[in-house]
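Note that ligands are numbered from 1 as they come in the structure, with each ligand's atoms numbered from 1 the same way.
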Amino acid sequence: MIGIGSDHGGFELKEKVKKHLEERGLEYKDFGTYSADSCDYPVYGRAVAKAVASGECDRGILICGTGIGISITANKVKGIRAALCSDCYSAQATREHNDANILAMGARVLGDGLALKIVDTFLDTPFSGDERHIRRISMIEE
Ligand code: RB5
């Protein structure tokens, strides 16, 4: 189960990502926002982060205008490793090296085509499991 959320700045892209997930046959839970009306990104960033941290969702996708505010919020929740990605290389590397459990994107930064490729890369790339990466990830939580 993928948890997805956005503020108004990411609302349109969130709807496109949801359609893309449906086309791929992937299940998601939409934590809002549910319209393009102005709202506060921490509400949605925290909701998705808590759902991932609790195990209700396996991964999360968060979108705001830049991806910055919503990723900062998510990373305040214990156990969350939210990665703000604007390219596929970073999306792949953050899965392999950081075992990132939330992808954050900026809707005002990315074109839709690139955003969907980043989503696919993030969802389809496994954690490497390398000892050095496990060690470094455990150091984040200390
Ligand atoms: C909203 O205008 C904008 O500030 C928000 O979407 C995001 O970019 C914050 O980091």
Any idea which protein heavy atom is nearest [atom], and the distance to it?
{"atom": "atom 2 (O) of ligand 1", "result": "Arg108 NH1, 3.3 Å"}
{"atom": "atom 1 (C) of ligand 1", "result": "His8 NE2, 3.6 Å"}
{"atom": "atom 10 (O) of ligand 1", "result": "Gly69 N, 2.9 Å"}

Sorted by chain and residue number, the side chain to side chain contact (heavy atoms under 4.5 Å, CB included) partners of Ile80 (sequence neighbours excluded) come out as Ala49, Val52, Ala53, Ala74, Asn75, Val77, Ala82, Asn101, Ile102
Go through the steps to decide whether Cys85 and Leu103 satisfy the test side chain to side chain contact (heavy atoms under 4.5 Å, CB included), and finish with yes or no.
-> CA-CA 7 Å; Cys85 296; Leu103 167 66; 3.7 Å; yes
Nitrogen or oxygen atoms of [X] and ligand 1 under 3.5 Å apart:
{"X": "Gly67", "value": "no"}
{"X": "Ile68", "value": "no"}
{"X": "Tyr41", "value": "no"}

At a non-hydrogen distance cut-off of under 4.0 Å, which region of Asp7 contacts ligand 1 (side chain, backbone, both, or neither)?
-> side chain
For Cys39 and Tyr44, the nearest pair of non-hydrogen atoms, with its separation, is SG-CE1, 3.6 Å
Taking all atoms of both residues into account, what is the closest heavy-atom pair of Tyr89 and Asp87, and its distance?
-> N-OD2, 3.1 Å
Just wondering, do Leu116 and Glu23 contact through their side chains at under 4.5 Å, heavy atoms?
-> no
Do protein heavy atoms approach atom 8 (O) of ligand 1 to less than 4.0 Å?
-> yes
OG of Ser90 to CD1 of Ile118, rounded to nearest 0.5 Å, is 8.0 Å
Which ligand 1 atoms does Gly65 reach within 4.0 Å, using its non-hydrogen atoms?
-> 5 (C), 6 (O), 7 (C), 8 (O)
